[in-house]
4 protein chains.
Amino acid sequence: MINKVTLVGRLGAEPEVRTLENGAMVAKFGMATSESYRDKAGEWQEQTEWHDVVVWRALAERAQEYLKKGSLIYLEGKLTHRKWQDKDGNNRKTTEVVGSYYRVMPTAPRSGGSSNYMPSEEPAATMSTPPPKSPTAASPANPPSTAAPADDSEDLPF
Amino acid sequence: MINKVTLVGRLGAEPEVRTLENGAMVAKFGMATSESYRDKAGEWQEQTEWHDVVVWRALAERAQEYLKKGSLIYLEGKLTHRKWQDKDGNNRKTTEVVGSYYRVMPTAPRSGGSSNYMPSEEPAATMSTPPPKSPTAASPANPPSTAAPADDSEDLPF
Amino acid sequence: MINKVTLVGRLGAEPEVRTLENGAMVAKFGMATSESYRDKAGEWQEQTEWHDVVVWRALAERAQEYLKKGSLIYLEGKLTHRKWQDKDGNNRKTTEVVGSYYRVMPTAPRSGGSSNYMPSEEPAATMSTPPPKSPTAASPANPPSTAAPADDSEDLPF
Amino acid sequence: MINKVTLVGRLGAEPEVRTLENGAMVAKFGMATSESYRDKAGEWQEQTEWHDVVVWRALAERAQEYLKKGSLIYLEGKLTHRKWQDKDGNNRKTTEVVGSYYRVMPTAPRSGGSSNYMPSEEPAATMSTPPPKSPTAASPANPPSTAAPADDSEDLPF
DNA sequence: TTTT
DNA sequence: TTTT
């Protein structure tokens with residue numbers, strides 16, 4: 001069975017990075033993908049989807065270092081859903097894309113000015129070793145297994 | 001920007017098909033993708049994700065005809081999120097994969113017995129013409145534009 | 001069955017555009033994807049693959065207009081192979097990626113200078129109607145295609 | 001940059017497995033993907049593409065064990081091209097899909113008979129550690145890869 | 001919440 | 001809620 005998500009979009013804010021008690025690092029960020037279409041009136045409209053993304057370990061470390069608000073990235077991951085209850089006892093559902101690979105795309109800086117363009121010296125982040133499945137409490141958790149692809153990238157001219 | 005989901009998994013039930021007032025047909029179904037992994041104790045565990053899938057128009061018509069409970073399908077689509085309020089005024093969020101293409105995989109029937117195996121005579125369903133954007137009421141809606149690829153498949157021996 | 005290729009890379013030159021006798025427009029271009037890796041000596045090496053890409057009809061028209069030498073694009077297509085004989089009667093094989101969708105990425109211009117940055121006003125090009133499979137002579141022919149992949153995971157709570 | 005191929009198709013024959021002098025195991029096999037389309041006369045035609053696939057190391061070992069002639073598999077990899085000269089000094093080009101992940105799909109056996117259905121106990125094969133890029137002779141060499149696609153849409157309420 |  |  002296959003469960004794969006591929007996104008090319010921008011971060012809405014800096015990644016939120018945390019280190020769990022077990023030492024595992026996690027980074028979360030919102031990522032926007034937009035598409036344009038013409039409405040019935042022939043006007044161009046833009047539709048934006050905001051995706052919650054989570055990356056672990058090495059990917060999280062790199063996220064902290066390389067991902068910024070506004071960064072345009074290529075991301076692969078899987079679609080996960082968790083159920084939980086809020087303090088009022090309501091059933092809630094959270095959907096997250098658990099990233100297994102991402103790549104910063106060369107961004108077009110606003111002309112002039114010192115580009116904060118981050119040349120992807122970082123030869124792409126991939127998750128090869130899945131984090132340990134912590135069967136412990138509070139864990140809405142979710143695991144690995146099917147494993148993934150690899151690949152990567154770069155940028156500059158010719 | 002790219003927003004793509006690829007799943008290979010099974011339907012949990014028959015698709016629910018409806019025809020809207022404007023004549024557009026919609027089909028919804030839950031789709032499971034599972035992956036196995038070894039837990040710390042070395043035991044095999046299975047983790048299943050249930051995805052809400054929606055397909056429109058021609059894809060919906062074909063879903064009604066070809067997709068069954070238990071069908072193994074390959075599906076491509078995009079990830080969409082809608083916000084709404086329940087009757088208690090709570091903010092809710094729904095995530096759906098809006099399918100743009102799917103393909104029934106040849107399924108392994110339980111040995112013996114007349115297989116309800118549906119040989120994919122159906123040369124794959126693709127959505128080429130996006131449904132009209134109805135900006136009207138009640139519409140948690142969501143639109144087209146970036147459009148997609150097409151392709152397909154078959155099964156038989158060699 | 002699924003046959004899908006996804007590339008993010010740069011054009012090595014302007015697309016070569018032609019119009020066949022039947023009026024169909026075709027565009028061809030080479031596209032490079034590079035990846036970096038460390039060799040045994042620990043040195044960073046870059047490995048570049050050059051892919052022959054072909055797009056038809058509306059995609060070809062748009063290619064002529066929007067794709068330039070050096071353009072960074074996201075491309076989806078399918079992998080096709082053709083056999084033919086050169087004038088010496090040798091059997092030759094040509095592999096091409098027949099594009100069904102592409103998207104120009106905002107490119108990072110070399111700092112300074114007037115950016116030849118082509119703001120993707122072009123809301124993406126897709127091929128909905130595949131060109132007719134012309135089994136005849138000289139025909140670079142071919143139809144459509146689709147699909148994608150797997151990945152993996154992580155675990156803990158939040 | 002992204003270079004990703006995704007195929008769902010069947011093996012034309014048993015994989016050819018070899019072990020190189022350096023101990024690395026390689027498996028090669030042809031994989032067919034077919035698609036149906038209507039020709040101008042309205043007749044259904046089937047177009048089959050045969051892809052050369054190579055997998056390394058653990059993937060090769062698993063190929064030897066699990067992949068059979070006729071196996072239906074989901075495969076991810078990257079597209080590579082090599083140039084070489086035949087004994088007549090002609091320049092030749094070989095294109096191969098270097099697999100980084102594959103998954104055997106449950107196959108529909110011809111009814112009756114003991115199904116050679118191979119229940120994917122095999123929790124999928126992935127290549128995390130790419131084989132060393134051996135720029136040397138005889139080396140069908142190469143590393144890993146990734147990525148995927150776009151799609152589209154629908155609209156109305158529910 | 002990004003970006004053009 | 002599927003499936004093995």
Side-chain angles (χ1 to χ4, degrees), chain A residues 1-3 7-16 28-36 44-53 67-75 81 83 104-111 116-117 145-146, chain B residues 1-3 7-16 28-36 44-53 67-73 75 81 83 104-111 115-117, chain C residues 103-109 115 117-124, chain D residues 103-109 115 117-124:
Chain A
M1 260 121 154
I2 304 298
N3 172 356
L7 304 173
V8 176
R10 302 193 110 98
L11 273 74
E14 301 286 303
E16 273 179 50
K28 295 197 167 198
F29 52 87
M31 193 174 155
T33 56
S34 310
E35 54 178 323
S36 305
W44 280 106
Q45 298 293 148
E46 192 175 75
Q47 172 77 5
T48 299
E49 295 289 342
W50 281 98
H51 311 98
D52 288 329
V53 179
L67 303 188
K68 306 293 175 208
K69 174 175 177 174
S71 292
L72 177 65
I73 68 170
Y74 170 98
L75 178 130
H81 313 94
K83 279 174 183 152
V104 180
M105 307 297 294
T107 21
R110 309 68 166 139
S111 63
N116 74 328
Y117 161 51
S145 161
T146 192
Chain B
M1 261 122 153
I2 305 298
N3 172 356
L7 305 173
V8 176
R10 303 192 110 98
L11 272 74
E14 302 285 305
E16 274 179 48
K28 296 198 166 197
F29 51 88
M31 192 173 155
T33 56
S34 310
E35 52 179 324
S36 305
W44 278 104
Q45 299 293 148
E46 191 175 75
Q47 173 78 4
T48 299
E49 295 290 341
W50 281 98
H51 311 99
D52 289 329
V53 179
L67 302 188
K68 307 294 174 207
K69 174 175 178 175
S71 293
L72 177 65
I73 69 171
L75 177 129
H81 313 94
K83 278 171 182 153
V104 180
M105 306 297 294
T107 18
R110 307 68 164 142
S111 63
S115 160
N116 72 330
Y117 161 51
Chain C
R103 187 86 189 76
V104 181
M105 308 297 295
T107 19
S115 162
Y117 161 51
M118 207 277 301
S120 306
E121 298 307 351
E122 169 210 31
Chain D
R103 185 88 188 74
V104 181
M105 307 297 295
T107 21
S115 161
Y117 162 51
M118 206 276 302
S120 304
E121 298 307 351
E122 169 209 30

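Convention: sequence-line order gives letters A, B, ...; per-chain numbering from 1.
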Nearest 0.5 angstrom please: B/F29 CZ to B/L75 CG, how far?
5.5 Å

Length of the [atom1]-[atom2] vector between [X] and [N], whole Å:
X	N	atom1	atom2	value
A/L7	E/dT1	CG	P	20 Å
B/R10	F/dT3	CZ	P	7 Å
A/E49	E/dT2	CD	C1'	14 Å
A/E14	E/dT2	CD	P	12 Å
D/M105	F/dT2	CE	C1'	14 Å
B/E35	F/dT3	CD	P	19 Å
A/W44	E/dT4	CH2	P	18 Å
B/M31	F/dT2	CE	C1'	10 Å

When you look at A/M31 and A/R10, which way does the side-chain contact (heavy atoms from CB on, under 4.5 Å) test go after all the steps?
CA-CA 5 Å; A/M31 193 174 155; A/R10 302 193 110 98; over 6 Å; no

Determine yes or no for a side-chain-to-main-chain donor-acceptor pair under 3.5 angstrom, with B/E35 supplying the side chain and B/Q47 the backbone.
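A pair under 3.5 Å: no.
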
Could you check if a side-chain atom of A/L72 sits within less than 4.5 angstrom of a side-chain atom of A/V8, using non-hydrogen atoms only?
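Heavy-atom side-chain distance check passes, below 4.5 Å.
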
